[in-house]
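All ligand and atom numbering here is 1-based and tracks the order in the structure.
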Amino acid sequence: MKILLGVTGSIAAYKAVEITSRLKKAGNEVKVIMTANATKFVSKRTFAEISKNAVSVDMFSEPDYKAEHIELASWADLVLIAPATANIIAKIANGIADDTLSTTILATKAPVIICPAMNTNMLSNTATQTNLKTLTQRGIEIIEPATGILACQTVGKGRLPEPAEIVEKILNHQNKKPLPMKLLVTAGATIEPIDPVRYITNHSTGRMGYAIATQAIKRGAEVILISAKAELQPPEGVKFIKAETALEMHDKVLEHFNSVDAVIMTAAVSDYRVKNISTQKIKKSADTLTLELVKNPDILKELGKVKTKQKLIGFAAETENLLENAQRKLREKNLDFIVANNVTQAGAGFAADTNIATFISKTGQVQNLPKMSKLSLADEILNLLIER
Ligand code: C5P
């Protein structure tokens with residue numbers, strides 16, 4: 001992707017150097033426009049070296065003047081402004097074009113993403129807030145500033161988020177092709193009752209499945225979310241179906257299977273259930289208590305046997321022999337893809353907001369993904385459905 005990076009005069013301008021470097025490493029071409037004030041913080045040469053492209057500042061400086069702003073405006077697939085001062089935000093909101101950056105932004109048809117960075121009072125000032133609202137209404141994406149210690153020695157909202165975070169959002173932006181399909185997503189932890197007050201369950205929070213449903217809706221898919229225990233709000237726009245036990249989930253999934261194009265099974269389904277559920281609360285008596293468990297149906301395996309056009313994506317949350325176990329499950333359940341993750345790794349697994357996954361396809365391709373937010377991973381998983 002061709003990314004035009006606008007750098008304005010904020011102390012955070014140095015972070016834009018790392019943004020440039022990370023975007024380049026991810027395979028993008030980057031061209032930088034700096035405002036005159038930005039060059040007071042970081043030199044033009046630094047960006048030129050890292051981006052391997054000439055950096056524009058002054059519209060009229062070239063001996064052979066050409067309409068560079070128009071050229072850059074149409075060259076870009078995406079315009080990112082990081083850091084964006086209150087000044088550039090006000091100029092864009094009002095259509096002011098008085099230097100290379102503001103003129104290029106006015107001339108571009110590419111999507112624009114803005115990362116405001118400034119003192120808390122400047123940020124909360126009604127003028128800035130109104131301008132940001134105007135930009136959002138025009139479809140410009142705003143990456144929210146972070147809260148922390150600011151350069152002015154105050155603590156508050158206004159910091160430029162970490163370059164890695166910004167770059168992740170940008171890369172994610174590339175990954176949002178429309179998904180014109182009907183999807184069934186399962187999520188959460190099933191519960192298997194023991195008696196009217198007790199049950200067997202697991203640590204799944206449902207976040208991965210809800211993230212997939214959220215991103216799929218945003219990309220235009222029709223989504224049925226069948227959820228076991230999860231303390232989350234169902235995303236707006238999904239058809240939401242509650243299923244508590246493995247048997248209930250089995251029935252609900254099979255009921256809808258024929259009408260969907262793909263199933264993404266993130267639910268942590270209990271492998272066993274209690275054979276005889278007590279109708280009354282079990283009383284404390286003997287020193288030991290034995291519960292007899294019987295096997296639950298493997299929902300995904302059943303789908304694998306009857307699937308026609310449907311793509312099936314399963315999850316393998318493992319604590320050991322990740323690849324071998326995941327590959328075996330992919331085969332045994334006749335899946336198209338399996339998303340394997342080692343739940344003992346820091347930043348992966350159940351309650352985390354991030355995950356570290358490996359995709360394995362039925363054709364044997366293995367793709368290791370870096371640690372990323374569950375929302376970003378959700379988009380990567382959805383891409384499997386359209387790219388292959
Ligand atoms: O439990 P296991 O590791 O085999 O789970 C792998 C995949 O199979 C997951 O996608 C899970 O949702 C699904 N599964 C299922 N029915 C079960 C157990 C697991 O569909 N009874």
What distance separates Ile81 CD1 from Leu135 CG, expressed to the nearest 0.5 Å? 8.5 Å
Mind checking what makes salt bridge (charged side-chain N to carboxylate O under 4.0 Å, His left out) contact with Lys309, not counting sequence neighbours? Asp261
Residue shell for ligand 1, any heavy atom closer than 4.0 Å, reads Met265, Ala267, Val269, Asp271, Pro297, Asp298, Ile299, Leu300, Gly314, Phe315, Lys329, Lys333
Is there side-chain contact between Asn258 and Gln310, with heavy atoms separated by less than 4.5 Å?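 When only atoms from C-beta onward are counted, Gln310 and Asn258 do touch, with a gap below 4.5 Å.
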Using atom types as modelled, flag every donor-acceptor pair under 3.5 Å from a side chain in residues 276-287 to any protein atom, sequence neighbours excluded.
unit_1 : atom_1 : unit_2 : atom_2 : d
Ser278 : OG     : Gln280 : N      : 3.3
Ser278 : OG     : Gln280 : O      : 2.5

Regarding Ser102 and Asp99, is there a side-chain donor-to-acceptor distance under 3.5 Å anywhere? yes
Check side chain to side chain donor-acceptor pair (under 3.5 Å) between Asp77 and all other residues, then give those that pass, not counting sequence neighbours.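 Once residues adjacent in sequence are excluded, Asp77 has no partner under the side chain to side chain donor-acceptor pair (under 3.5 Å) criterion.
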